[in-house]
2 protein chains.
Amino acid sequence: MALEHAILVSLTERAGSGYELTRRFDKSIGFFWGATHQQIYRVLKRMDEAGWVAVEHVPQDGKPDKKVYTVTQAGADEIARWLAEPTAPPELRDELAVKLRAAAFSDPDVMIAEVERRRAHHAERLALYEAMSERDFPDPNALTGSALHQFLVLRGGVSAERGFVAWCDEAAAALRREKGES
Amino acid sequence: MALEHAILVSLTERAGSGYELTRRFDKSIGFFWGATHQQIYRVLKRMDEAGWVAVEHVPQDGKPDKKVYTVTQAGADEIARWLAEPTAPPELRDELAVKLRAAAFSDPDVMIAEVERRRAHHAERLALYEAMSERDFPDPNALTGSALHQFLVLRGGVSAERGFVAWCDEAAAALRREKGES
DNA sequence: GTCTGCATGTAACTGGTTACATGATTAT
DNA sequence: ATAATCATGTAACCAGTTACATGCAGAC
């Protein structure tokens, strides 16, 4: 269970409201740990009750009030505790893999098109991560601290998406070969 | 929602009981779509009520009775319907990525050890998939039909695990470099 | 006599998704 | 007018996990 921790990490980088956190989870940290606003508000409330975060009501003109959350000492302690804990490996759960296994029941062209659609999705993601990487970290060898760590997370995305693209290409080629032979 | 479909696909390959399905979900199909026995029994019951599968009670000597499930016509129709549907891309959800981002709050050696632990996990998985690949599909270019599709799913695992291993290596090297410099 | 494997389940809980709801401001 | 953005939330539901429960057979 790590949405709590993802939020804590994000809040240590910069304090913010539930809404702002939702924006962050639409990009950057959210690429590796997704969350919707409902979930974020719920967890924020729970963490406030647990004393991991403190709230400050900030009135704004022209906009609704916002509740800005900051990490408390108890929250920082919780991050440290969690960091020292062993990390669960991610499980792959890919619907396309299950569909591929059932491809014999499908029109080959439909299956090939679906694999290609997925290839496009991953290629887009890959391009995005690579663009972010070049824009924000043009000189990787000079990086240290937080910037280095953020860069490494991005590199994880690049690596994963490259793998997916290669897989889609291999699968599409094999399905085409099979179709041609029959 | 695809556990239903993963089970249907597995049952079209071979009829079986909840227990047998649980075994299959501990390997092969389960590498790409995990499920516990409780979940499987529950979904099987639901699918029976929906008429997607039919049950046959099989008494055995020396062993408890088992309920062998087979896919009905309605179940086959459901597979076809699902195959034609667009497939949701998998979201990466990796706790290690979140931890990496918080690495500044951690002892560098602990973080490096954790990355290495994960590297070992993925290397093991990779070796397993490659061994399965060589054992079950020694001549990939000759494959067609179901065997080809199963092979392609395995290749997805190989591709994903290779990506993870490369990432762990890159991250560990960078963290070491950073540690050495400070 | 204790553990592993076969075989099936219930119950409580946690985490995540979808739908609904409100209300002001700014830009087209 | 109407849509988008800011900002917060409730409620119902679905999927998945953990713990508990039963009972027989065969191996060590």
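Lettering follows sequence order; numbering is per chain, from 1. What you see below is based on every heavy atom in this structure, not just the backbone, and it leaves out hydrogens, waters and symmetry mates.
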Nearest whole angstrom, please: distance from the [atom2] of [N] to the [atom1] of [X].
X: B:Phe25; N: D:dG16; atom1: CZ; atom2: C1'; value: 13 Å
X: B:Arg24; N: C:dC6; atom1: CZ; atom2: P; value: 14 Å
X: B:Glu20; N: C:dG5; atom1: CD; atom2: C1'; value: 13 Å
X: A:Trp33; N: C:dG15; atom1: CH2; atom2: C1'; value: 10 Å
X: A:Lys66; N: C:dG23; atom1: NZ; atom2: P; value: 22 Å
X: B:Leu44; N: C:dG9; atom1: CG; atom2: P; value: 9 Å
X: A:Tyr41; N: C:dG15; atom1: OH; atom2: P; value: 20 Å
X: B:His5; N: D:dC14; atom1: NE2; atom2: P; value: 15 Å

Task: Heavy-atom donor-acceptor pair, B:Arg42 side-chain to C:dT8 base, under 3.5 Å - done: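 Answer no: no donor N or O sits under 3.5 Å from an acceptor.
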Task: Short side-chain N/O contact to D:dT5 OP1/OP2 from A:Arg23, under 4.0 Å - done: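 No, because none of the side-chain N or O atoms of A:Arg23 sits under 4.0 Å from OP1 or OP2 of D:dT5.
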Open item on the list: Taking only side-chain N and O atoms of B:Tyr19, does any of them lie within less than 4.0 angstrom of OP1 or OP2 on C:dT8?
Closed with: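 No.
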Identify whether the distance between the nearest side-chain nitrogen and carboxylate oxygen of [X] and [Y] falls below 4.0 Å.
X: A:Arg81; Y: A:Glu78; answer: yes
X: A:Asp26; Y: A:Arg23; answer: yes
X: B:Lys66; Y: B:Glu20; answer: yes
X: A:Arg101; Y: B:Glu13; answer: yes

Open item on the list: For B:Pro64, is there any backbone N or O sitting under 3.5 Å from a side-chain donor or acceptor partner on B:Gln60?
Closed with: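 Checked: pair present.
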Checking contacts here: which listed nucleotide ([options]) is nearest the side-chain heavy atoms of [X]?
X: A:Arg46; options: C:dC6, C:dT8, C:dG15; value: C:dG15
X: B:Pro64; options: C:dC6, C:dT10, D:dA7; value: C:dC6
X: B:Gln60; options: D:dG16, C:dG16, C:dA7; value: C:dA7

Open item on the list: What contact category does B:Ser17 fall into here, base, sugar-phosphate, or nothing, at under 4.0 angstrom with non-hydrogen atoms?
Closed with: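 Counting heavy atoms under 4.0 Å across all strands, the contact made by B:Ser17 is with sugar-phosphate only.
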TODO: Using heavy atoms to find the nearest nucleotide of DNA chain C for A:Glu4 and A:Gln38 separately, return the residue whose nucleotide is more 5′.
DONE: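 On the 5' side of the pair lies A:Glu4.
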Task: Along DNA chain C (nearest heavy atom to each residue), the more 5'-positioned of A:Lys63 and A:Gly34 - done: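 Closer to the 5' end of DNA chain C: A:Gly34.
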